[in-house]
Engineer: 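I'd like to ask some things about the structure below.
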Amino acid sequence: MSMSAEEWNPLIYGPKSAVRKVLRRLRLLPLVSRGAGVVLGARNALGLEGALPITRHDRLTRNLRAILDRSAEFLSELGRVPIKGRIVFPHLRGHPYLELLEIFLAYRLWLDGYEPVFVACGGLPVCNNYTLGEDAARNPQVCRTCVRNHDQLLRASGVPYRDIVTSPAAIGEALSRTRRLSVQACHEFVYRGVPVGELVVPSVARHLRRTALFASEPDEVDAWRAYVASACVLVDRLSELLDEVRPARGLMAGGWFMWYAIASHLLRQRNVESVFYEAGFHDAPKGHRWVFSQGVPLTDPGWIAESWREWRDVPLTAEENAHLDQVLAARRRGSVYHPSPLEDAAAIRRELQLPDDGRPVVALFTGLTWDYAIYGRGRAAFSDMTDWVVQTIRCMADRDAWVVIRIHPAEAILHEGVYGRENLAELLRARLGELPGNVRLVPARSKVSSYRLLEMADAAVVFASTIGLEAAIAARSPLILGAYSILSDRGFGRQPETPSAYYDLLADVRSLPRPRPEEAEAARRFTYLYFFRASWPLHFYDSGADGIYSIDRFRIRTLDELRPGSNPLLDRLVAGIHANGALAMPREL
């Protein structure tokens, strides 16, 4: 049994309109998109977007403007607030999903005396928005659409913002600077003291949908050069802006993609800390929970370390344990990745041709090869996911055991308009040839339940997947961590620091002792911290009705709902931002 794109796509992006389907079939979509872009650009230039709403984005910005219209007293009060400093929001993505959270946070911080300054992009040679929705080849207006939507949302929001002006001359100069660079030279490129080559690796990997440093095709090398050129432009323009604004703090998403990685690096150079955030993925729908980190990008597993020190010795209450069990049960019943998982163990064995012959089963749970460029590095047996799987197969090839490799379902999902160009099965066959007879691959499209595989396995091995949390909580069999990730140093799982130590653990998995009760308890406490205490339910808008990134309706009617005393969660979060402390909720919230 396998998932099809037709089943996955509506869950992620919502149903496509009939008109769009017809235009795509007739190959007219790029032409219509270009024409619509010209019309919308002219309309916005004349300031008529409010009078002539056409798109979903128009309706969204109109509703945002209505919130401001009902907030006259709040806005008037801002003009009388003494300004203690500025907070820069280097958000250069023309999509409101993340920026709306920033806008509401900005108004609250402004009321506390910290004037926000948002950054608007005037266009770059390339960025990750080229793979949002559709790739640039099918949507030549993607850059203009992004710039137009971003500008329209910021104007509707009423927050102060500055344009990063990118002239054709500046872009041409940056492109000429990188025109003859090899991939290795791109990776090692330093501009004005900023290691831009290293900072763009996650963006390049996401753009290529494959491991960035293995790029070899001409279009891949060109993409590398364009990203380094874009990074140089950003260094120039953001440096000018930061020197002018002199912010006291930065606030931005994640910290790994090009815009944020460069902005946070430039802020650190100026001894300015940043707050990083991302949407919580643990409770559906997205947009109802948000994770925050003080000074540590969310790519670094250490972002949660301070909060873990605070909570690791605090037992969960009966209510907290029940809440955690409820959410874990819901995750097992289905998700975007597994809307209807196959749970029957006998059926799984038949599908995988995995006889129940008494031999031990080692289950590996993988991720995306081009997504792990963003993970932090630390003491671990492996730092490359593909190498981890290859070496595990080689180690286990002659053993009297089964190896089941659950390839992450996201590998086969249409990711922001484009499929991944790298799949693990092909990489393994390229490196190993024919796989050993005791190895079974569970394809990305398979409906086989990962949770049932956990129960069938004598040892669970993960690179950085959060399914390791469920494995540790269940405590049925040993959990082995192949990489340094957010699961590391949390009091559960075996953490070999060298390949040889890792191979020793695999030598006889049935001889490994089962996890101790205190390990399962540590896993429960950490999971609760990760899922709930560090994941703030700031519910400014409803989302998920029309794809996981949709903005369905605003929950707040006026900015007065952001005032101190109106929202205890917001009060506590803002206090944590001001205090430079760990951003985890106290138990009473």
Side-chain angles (χ1 to χ4, degrees), residues 78 81-124 127-129 146-147 150-151 153-166 192-194 196 199 203 230-278 290 292-299 303 562 573-574 576-580 583:
L78 289 181
V81 171
I83 299 301
K84 305 172 187 175
R86 287 172 168 165
I87 297 181
V88 67
F89 292 77
H91 188 115
L92 302 181
R93 305 170 75 175
H95 192 282
Y97 180 76
L98 299 176
E99 192 157 23
L100 282 171
L101 173 76
E102 295 185 12
I103 288 167
F104 292 126
L105 283 177
Y107 270 114
R108 170 55 193 273
L109 292 166
W110 199 353
L111 193 65
D112 291 344
Y114 292 91
E115 182 185 22
V117 178
F118 281 68
V119 182
C121 179
L124 294 167
C127 78
N128 284 116
N129 277 359
C146 173
V147 170
H150 195 198
D151 180 73
L153 182 65
L154 288 176
R155 282 191 285 110
S157 73
V159 296
Y161 70 95
R162 307 289 178 88
D163 283 302
I164 290 184
V165 179
T166 49
R192 294 179 58 179
V194 179
V196 293
L199 295 176
S203 282
S230 293
C232 293
V233 172
L234 281 176
V235 168
D236 286 336
R237 299 297 173 258
L238 284 174
S239 294
E240 293 171 359
L241 184 143
L242 295 178
D243 290 341
E244 176 196 346
V245 171
R246 298 186 181 277
R249 186 70 58 89
L251 199 154
M252 67 196 77
W256 52 84
F257 292 131
M258 177 177 66
W259 317 284
Y260 314 126
I262 291 172
S264 61
H265 185 92
L266 292 173
L267 286 165
R268 282 196 305 273
Q269 283 185 333
R270 291 159 173 78
N271 297 315
V272 177
E273 287 285 357
S274 295
V275 173
F276 301 93
Y277 76 92
E278 191 54 81
W290 302 90
F292 293 87
S293 168
Q294 189 82 255
V296 182
L298 292 166
T299 53
W303 70 265
L562 306 177
L573 173 65
V574 169
I577 291 174
H578 292 324
N580 294 316
L583 296 177

Engineer: Go through I164 and L234 one step at a time and tell me if the side-chain contact (heavy atoms from CB on, under 4.5 Å) criterion holds.
Structural biologist: CA-CA 8 Å; I164 290 184; L234 281 176; 4.3 Å; yes
Engineer: Would you call L573 and F292 a side-chain contact if the rule is heavy atoms closer than 4.5 Å?
Structural biologist: yes
Engineer: Would you find a donor on one side and an acceptor on the other, under 3.5 Å apart, between the side chain of E273 and the backbone of G250?
Structural biologist: no
Engineer: Mind checking what makes salt bridge (charged side-chain N to carboxylate O under 4.0 Å, His left out) contact with R237, not counting sequence neighbours?
Structural biologist: E240
Engineer: CG/L583 to CD/Q294 distance, rounded to the nearest 0.5 angstrom?
Structural biologist: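 Taking CG in L583 and CD in Q294, the distance rounds to 5.0 Å.
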Engineer: Which atom names give the shortest non-hydrogen contact between P90 and Y260, and what distance separates them?
Structural biologist: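 In this case the closest contact between P90 and Y260 is O-CE2, 3.4 Å.
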Engineer: For the CG atom of L109 and the NE2 atom of H578, what is their distance to the nearest 0.5 Å?
Structural biologist: 5.5 Å
Engineer: Taking side-chain contact (heavy atoms from CB on, under 4.5 Å) as the definition, give me every residue that meets it alongside V272, ordered by chain and number, with sequence neighbours left out.
Structural biologist: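 Result, side-chain contact (heavy atoms from CB on, under 4.5 Å) vs V272: L267, R270.
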Engineer: As an exercise, state the distance from CZ of F257 to CG of L199, rounded to the nearest 0.5 Å.
Structural biologist: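 If I round to the nearest 0.5 Å, the distance is 13.5 Å.
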Engineer: Is there a side-chain contact between S230 and W259 (heavy atoms, below 4.5 Å)?
Structural biologist: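 S230 vs W259: side chains apart.
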Engineer: R192 vs D236, test: side-chain contact (heavy atoms from CB on, under 4.5 Å). Steps then yes/no.
Structural biologist: CA-CA 9 Å; R192 294 179 58 179; D236 286 336; 2.6 Å; yes
Engineer: Indicate yes or no: at least one non-hydrogen side-chain atom of L562 is less than 4.5 angstrom from one of F104.
Structural biologist: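 In contact.
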Engineer: Would the distance check show the side chain of R249 and the main-chain N or O of S274 forming a donor-acceptor pair, the cut-off being under 3.5 Å?
Structural biologist: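 The answer is no, because no donor-acceptor pair under 3.5 Å joins these two groups.
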Engineer: Which residues satisfy the side-chain contact (heavy atoms from CB on, under 4.5 Å) test with R246, sequence neighbours excluded?
Structural biologist: none
Engineer: side-chain contact (heavy atoms from CB on, under 4.5 Å) for L101 and W290? Distances and angles first, verdict last.
Structural biologist: CA-CA 9 Å; L101 173 76; W290 302 90; 3.4 Å; yes
Engineer: Does H91 use its side chain to pair, donor to acceptor, with the backbone of L98 at less than 3.5 Å?
Structural biologist: no
Engineer: Would you call N128 and S203 a side-chain contact if the rule is heavy atoms closer than 4.5 Å?
Structural biologist: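 In contact.
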Engineer: Taking side-chain contact (heavy atoms from CB on, under 4.5 Å) as the definition, give me every residue that meets it alongside V159, ordered by chain and number, with sequence neighbours left out.
Structural biologist: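 Expected list: I103, Y107, F118, L154, S157.
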Engineer: Do V194 and Q269 pass the side-chain contact (heavy atoms from CB on, under 4.5 Å) test, and can you show the C-alpha distance, the side-chain angles, and the key distance before you say yes or no?
Structural biologist: CA-CA 9 Å; V194 179; Q269 283 185 333; 4.0 Å; yes
Engineer: Of all the heavy-atom pairs spanning H150 and C121, show the shortest one and how long it is.
Structural biologist: ND1-N, 4.0 Å
Engineer: How would you list, by chain and number, every residue that makes a side-chain hydrogen bond (donor to acceptor under 3.5 Å, both in side chains) with Y277, sequence neighbours excluded?
Structural biologist: E102
Engineer: Are I87 and V117 close enough that some pair of their side-chain heavy atoms sits under 4.5 Å apart?
Structural biologist: no
Engineer: For G123 and V147, which heavy atoms make the closest approach, and how far apart are they?
Structural biologist: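 Answer, listing the atom of G123 first, then V147: N-CG2, 4.0 Å.
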Engineer: Can you tell me how far apart CE (M258) and CG (L124) are? Round to the nearest 0.5 Å.
Structural biologist: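 Interatomic distance, M258 CE to L124 CG, rounded to 0.5 Å: 5.5 Å.
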Engineer: Please give me the minimum heavy-atom distance between I577 and L251, naming the atom from each residue.
Structural biologist: CD1-CD1, 4.5 Å
Engineer: With sequence neighbours excluded, what pairs up with R155 under the salt bridge (charged side-chain N to carboxylate O under 4.0 Å, His left out) test?
Structural biologist: E49, D151
Engineer: What's the spacing between S264 OG and F276 CZ if we round to 0.5 Å?
Structural biologist: 4.5 Å
Engineer: At their closest point, which heavy atom of L92 faces which heavy atom of A120, and how far apart are they?
Structural biologist: CD2-C, 4.0 Å
Engineer: Does any part of the side chain of L298, heavy atoms only, come nearer than 4.5 Å to the side chain of W256, both counted from C-beta?
Structural biologist: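 Answer yes - side chains close enough.
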Engineer: With a 4.0 Å cut-off, would you call E244 and R162 a salt bridge?
Structural biologist: yes
Engineer: Strictly below 4.0 Å, N to O, side chains only: are D112 and K84 in salt-bridge contact?
Structural biologist: no
Engineer: Rounded to the nearest 0.5 Å, what separation is found between the CD1 atom of I262 and the CG atom of L266?
Structural biologist: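 Going from the CD1 atom of I262 to the CG atom of L266 covers 7.5 Å.
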